[in-house]
2 protein chains.
Amino acid sequence: MTISPAPKALAADAAPISTVPLDKAYRLINHGPVVMVSASHGGVHNVMSVAWACALDFNPPRVTVVIDKGAYTRQLVEHSGRFVLQVPCAQQAALVMAVGGRSRHTHEDKLEQLGVQLFSPEGSTAPLVRGCVAWLECRLIPEPHNQQTYDLFIGEVQAAWADARVFRSGHWEFDTAPPALHTIHYVAGQQFYRTGEGFRP
Amino acid sequence: MTISPAPKALAADAAPISTVPLDKAYRLINHGPVVMVSASHGGVHNVMSVAWACALDFNPPRVTVVIDKGAYTRQLVEHSGRFVLQVPCAQQAALVMAVGGRSRHTHEDKLEQLGVQLFSPEGSTAPLVRGCVAWLECRLIPEPHNQQTYDLFIGEVQAAWADARVFRSGHWEFDTAPPALHTIHYVAGQQFYRTGEGFRP
């Protein structure tokens, strides 16, 4: 079996990543972007793309995510009791499609093939996908009925981070950030929409 | 007690509303817009705003929605076993804030105060909010543990409609529709973002 490369420490030339306070973590996904889910167990890592993730509570910060029974990542989540929700940006849209269209069940070296790089921020061993703009490290709250009947998983956010070029002081800063770093929303059939113009009514 | 006006038949001068096939209904919320939840029971109607709604399944089409214990609408959902998720558009952003900020518990005539108009499309008695651009009529799938522990409600979509100026033949048409009719995404503190530029990677 191919062993995926373990998450590395963040390179010095990487994006400026800052910690997001737990009471602001919901804001990272509150606007409904597409996400990627990653998980590790026994030295094996995987990443999948998911449109169906949502905030569930502010305090404690909780999230829901739908993970199909056919997804390789699902067994890593169930065995490790942990997962990461991360928010990709516009320049990663092709990667989102590729990660969602290829399973590790049939492509053991999927992450290497697709050039997915994992890293762990200081103080964590969670497998975060490099190039995303926000990350929520979650502990699975086991709910066997939801998982079996609805493929619905509930997680409690343990730590959160964001790319400080796009999310600072508890706020997304899309109006000043490069469009390539904007978050994206997925409909179907490869149709994405960028997060657009900000406004207050 | 003030009785809200019952939903009316659609006026002849209203937006062109078309039926959305059930297998395409998930696309109405797949991109993570803010929604409004409406429900009726015993001649009483109410509407609330919700950022935490999400697709759960394609077939049968199912959704999740988080409804706080303090929300008046919650008891209407629990007693009637039905609710509507609807997708407001940019020109309704102030209404989304107002509907979310005022409870029927303290403002019995909230809907009249805010000018919320309800209607039912032909063949349905569901209370749909006029001016939105998509509607999903749902039957509650009772899950007492989820409802009590997480304020999490699961619904199965029974019928769906969309404003044909913005959603046609199973696709959002934001690139040609007026910006006022674009869907919107909510973060916090009155901060909204429009659904932006469409693209395929």
Side-chain angles (χ1 to χ4, degrees), chain A residues 24 26-35 51-58 62-66 68 90-98 141 143 145-146 149-152 154 167 170-172 174-175 179 182-201, chain B residues 24 26-35 51-58 62-66 68 90-98 141 143 145-146 149-152 154 167 170-172 174-175 179 182-201:
Chain A
K24 300 288 192 301
Y26 75 95
R27 297 183 180 186
L28 300 174
I29 59 167
N30 212 70
H31 61 304
V34 68
V35 302
W52 297 350
C54 193
L56 176 65
D57 203 346
F58 295 110
R62 288 175 172 159
V63 297
T64 55
V65 58
V66 180
D68 190 74
Q91 65 189 359
Q92 292 178 300
L95 183 66
V96 171
M97 291 307 306
I141 300 177
E143 288 284 0
H145 170 67
N146 285 335
T149 306
Y150 300 112
D151 298 333
L152 180 68
I154 295 177
F167 188 94
H171 300 282
W172 287 105
F174 297 125
D175 292 342
H182 286 201
T183 55
I184 52 178
H185 307 265
Y186 186 66
V187 180
Q190 304 204 33
Q191 179 67 54
F192 288 87
Y193 290 94
R194 288 177 198 269
T195 306
E197 177 203 2
F199 69 100
R200 293 167 192 267
Chain B
K24 301 287 194 298
Y26 75 95
R27 297 183 180 185
L28 300 174
I29 59 167
N30 212 69
H31 61 303
V34 68
V35 302
W52 298 349
C54 192
L56 176 65
D57 203 345
F58 295 109
R62 289 177 172 158
V63 297
T64 55
V65 57
V66 180
D68 190 74
Q91 65 189 358
Q92 292 177 301
L95 183 65
V96 171
M97 290 308 306
I141 299 176
E143 288 284 359
H145 170 67
N146 284 336
T149 307
Y150 300 112
D151 297 333
L152 180 67
I154 295 177
F167 188 93
H171 300 283
W172 287 106
F174 297 126
D175 293 342
H182 285 200
T183 55
I184 52 178
H185 306 265
Y186 186 65
V187 180
Q190 304 204 35
Q191 178 68 53
F192 288 87
Y193 290 94
R194 289 178 198 269
T195 305
E197 177 203 2
F199 70 100
R200 292 166 192 266

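Only heavy atoms go into these numbers, but all of them, side chains included; no hydrogens, no water, no symmetry mates. Everything numeric in this text was worked out from a predicted model, so none of it was measured. In what follows, every chain begins at residue 1, and chains take the letters A, B, ... in the order their sequences are listed.
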Name the region of [X], side chain, backbone, both or neither, that has any atom closer than 4.5 Å to a heavy atom of chain B.
X        : answer
A:Asp68  : neither
A:Ile154 : side chain
A:Leu95  : neither
A:Ile184 : side chain

*Partner residues of A:Trp52 under the ring pair (Phe, Tyr, Trp, His ring centres under 6.0 Å) criterion, sequence neighbours left out*: B:Phe58
_Tell me whether A:Arg200 forms a cation-pi arrangement with B:Phe192, defined as NZ or CZ under 6.0 Å from the six-membered ring centre and within 45 degrees of its axis._
no
Gap separating the [atom1] atom of [X] from the [atom2] atom of [Y], nearest 0.5 angstrom:
X        : Y        : atom1 : atom2 : result
A:Thr183 : B:His185 : OG1   : NE2   : 8.5 Å
A:Leu152 : B:Asp57  : CG    : CG    : 11.0 Å
B:His182 : A:Glu197 : NE2   : CD    : 10.5 Å

_Residues which pass side-chain hydrogen bond (donor to acceptor under 3.5 Å, both in side chains) with B:Thr64, listed by chain and number, not counting sequence neighbours_ = none
_Any heavy-atom pair between the side chains of A:Asn30 and B:Tyr186 that's under 4.5 Å?_
yes
Heavy-atom distance under 4.5 Å to chain A: side chain of [X], backbone, both or neither?
X        : answer
B:Leu28  : neither
B:Asn146 : side chain
B:Val187 : both
B:His171 : neither

On a heavy-atom basis, which atom in [X] and which in [Y] lie closest, and how many Å separate them?
X        : Y        : value
A:Tyr193 : B:Gly198 : CD2-CA, 3.3 Å
B:Ala94  : A:Pro201 : N-CB, 3.5 Å
B:Ala188 : A:Tyr26  : CB-OH, 3.4 Å

*Between B:Gln191 and A:His31, do the side chains contain an N or O donor and an N or O acceptor separated by less than 3.5 Å?*
no
Shorter than 4.5 Å, heavy atoms on both sides: which option in [options] has the most such pairs with chain B?
options                             : value
A:Gln91, A:Arg27, A:Arg194          : A:Arg194
A:Met97, A:Lys24, A:Gln190          : A:Gln190
A:His145, A:Glu143, A:Arg62         : A:Glu143
A:Ala55, A:Ala93, A:Pro179, A:Ala90 : A:Ala55

*asked:* Can you tell me which of B:Val66, B:Leu56, B:Val34, B:Asp151 forms the most heavy-atom pairs within a distance under 4.5 Å of chain A?
replied: B:Leu56
